[in-house]
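By convention in this document, chain letters (A, B, ...) are assigned in the order of the sequence lines, proteins followed by strands, and residues within each chain are numbered from 1. What you see is a predicted model; the values in this text were computed from it and never measured.
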Amino acid sequence: MSVNLAHTQQTRVSESLRSKVPLVSTMAATSSAGEIAISSEEKVYNVVLKQAALVNRRLTPPATKDLHRMKPDGAAVPGNLSLLKEAYDRCGEICAEYAKTFYLATLLMTPERRRAIWAIYVWCRRTDELVDGPNAPHITPTALDRWEARLEGLFRGSPFDMLDAALSDTVKKFPVDIQPFKDMIEGMRMDLRKSRYKNFDELYLYCYYVAGTVGLMSVPVMGIAPESLATTESVYNAALALGIANQLTNILRDVGEDAQRGRIYLPQDELAQAGLSDEDIFCGKVTDKWRNFMKEQIKRARMLFDEAEQGVKELNASSRWPVWASLLLYRQILDEIEANDFNNFTKRAYVSKAKKLIALPVAYARSLAGPT
Amino acid sequence: MVSLSRVLSVSYPAKPSVPCKTFSSSSRLVQKPRLNSKWRSMATEPDSSSFAPSVDSDSSADKVTAGFCIIEGPETVQDFANMELQEIQDNIRSRRNKIFLQMEEVRRLRIQQRIKSAELGILKEEQENELPNFPSFIPFLPPLTSANLKVYYATCYSLIAGIILFGGLIAPTLELKLGLGGTSYADFISSMHLPMQLSEVDPIVASFSGGAVGVISALMVVEINNVKQQEHKRCKYCLGTGYLACARCSNTGSIVLIEPVSTVHGGDQPLSTPKTERCSNCSGSGKVMCPTCLCTGMAMASEHDPRIDPFD
């Protein structure tokens, strides 16, 4: 699949790259007088371009490079395959435990893709728990550096433990790049330092680090439909938009919970514009100012979901249904926040089981529409 | 006090303190003056995440502990590899001592915290040292406290009394027939076209069987709920074992060394058995630390949990 992808996409991407690159540099030059200040959106866009280019440059499936690679001082011992199967099963159990809706969506995928997504999910969750979980007080920058070293090891074919081994096997089978993973660790480093975001630009970068990267990680697994005429980077952009929309939805749902831990993931300048301050959020009272502010935030998140919808059509036929399902389900959370009268301080917006079940056939219907 | 500020900067989860049985080495209790010197020396270490370098043990250990990091990598079990056996034992002893003393510090700090909160009028949300709520093992029932335990007893006894009254007095008086459509057991048997002998079951036997079925299914429900709750407390990544299989040696503990054998010249000689060496990732145990639960096997590692040993 990846080979077909490479051959058909390569010529198109190089043309669009040539047309897009000058655009980016002019955007950079005119953004502010004197210094070349690159906005987060442009930085992230550059990453997307690089990812798309890497996928297209991979003419040989990466599997042949590493599959029979000898480790410098030893070799794989028999028993590897059963350990790998057990590792993937464990990843599935962990996913089922911590993200039930997401797990249900993965059941709609093909078995190989399902296992790959589980492995990616578990790595991302373990990384997130380093700074967010019960052991967070003990995590230092050194700990994150070591975690990054383990990541590099598993990409080289030397995973440390069995869950790393599952991800190592996944990146052998699918053309996944290491950069989004490194960026996610960078996002964790950011989370250690920051608890306030001055403007949307900073928040966008954070959302890219923790959620946009997940979109970029999963596109190579989902696969772009061979008959798609869209550019690779437009699909990556749509995946990025979906990730960021998901993260913004999370943020808007968990305002109260985050405030209790002293964190506010809303842009400070927009809060000021709406006449709100940190104290109002810690206070937890729903006022008209808050309602207006939330309406604007929800509008922006919905715009990103709309942008993401454009790209789902271009994915492989067997991957469209689960992606549509997760998109529609997550989007519904925004509706629930509205239904709660924008009270995200004390009420947790959640989608009822009935609504979740109805979303499945709706998603199926939308997934029938293929690439335009 | 500098040590206080260091201690306060670490936020441990506020759980009720479980009496620690591991510190039977309380015979090593230190007298007051030495206690103060220990606290002052602890204040010198850099930040909250590294373990305090031991004061009365060897200075060579200090270099190692200064770079301590809670995430394992391929070479980390070798952190203390350069020590001699006696050094290691001394290190273990002094660290155990320190943990014991620090737990006592935490206890005293908590007392002060409680006093100060009360002075400032800050209401503490959870009364940790009161008898905690026991979530009921039976699903759908509200959690038990010592207060509503009395209500539970009363409800239970009255239900039993009511059912005995119903079965013994009310039902025979009203000639109550609880079969489908108001049939008795005899009617039910004849409608199923089974031999009428079956309808002549003795009432005592019938009530015994019914009661036994009820009790057994109730116990099953309670057990299943119990298992679910215990599983809930288990770390999901390592399934309560505290360890994940080492990927380098695939859980065996040893790596097979490969020696390329040339088949051109020495083709007739039989292959020698491959040499193995101990896996450096896991030091031969075949498993590595689960970074989520830190080898405790619990869903959330706290300072009270004993760490699971790989060689057990």
Which value, rounded to the nearest 0.5 Å, describes the distance between [X] atom [atom1] and [Y] atom [atom2]?
{"X": "A:E129", "Y": "B:Y237", "atom1": "CD", "atom2": "OH", "value": "3.5 Å"}
{"X": "A:L163", "Y": "B:C290", "atom1": "CG", "atom2": "SG", "value": "7.5 Å"}
{"X": "B:I71", "Y": "A:T140", "atom1": "CD1", "atom2": "OG1", "value": "8.5 Å"}

Can you confirm whether [X] is buried at [atom1], in the sense that more than 12 heavy atoms of other residues, nucleotides or ligands lie under 6.0 Å from that atom?
{"X": "A:Y98", "atom1": "OH", "answer": "yes"}
{"X": "B:E104", "atom1": "CD", "answer": "yes"}
{"X": "A:K194", "atom1": "NZ", "answer": "yes"}

Side chains of A:W147 and B:P291: closer than 4.5 Å at any heavy-atom pair?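 Sidechains of B:P291 and A:W147: in contact.
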Most heavy-atom pairs under 4.5 angstrom with chain B, which of A:A143, A:A87, A:C91, A:G153?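 When all of A:A143, A:A87, A:C91, A:G153 are compared, A:A143 has the most.
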Check [X] against [Y] and note the closest heavy-atom contact, atom names and distance.
{"X": "B:A247", "Y": "A:A165", "value": "CB-CB, 3.9 Å"}
{"X": "B:A245", "Y": "A:L83", "value": "CB-CD1, 3.8 Å"}
{"X": "B:K236", "Y": "A:R90", "value": "O-CD, 4.2 Å"}

Could you go step by step and tell me if A:M162 and B:V288 meet the side chain to side chain contact (heavy atoms under 4.5 Å, CB included) rule? CA-CA 9 Å; A:M162 62 191 273; B:V288 294; over 6 Å; no
Residues of residues 115-126 of chain A with any heavy atom under 4.5 Å of a heavy atom in chain B: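 Result: A:V122, A:R125, A:R126.
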Would B:R248 and A:D161 satisfy side chain to side chain contact (heavy atoms under 4.5 Å, CB included), going step by step from the backbone distance to the final call? CA-CA 7 Å; B:R248 191 158 191 213; A:D161 63 29; over 6 Å; no
Interface moiety of A:L130 toward chain B, non-hydrogen atoms closer than 4.5 Å: side chain
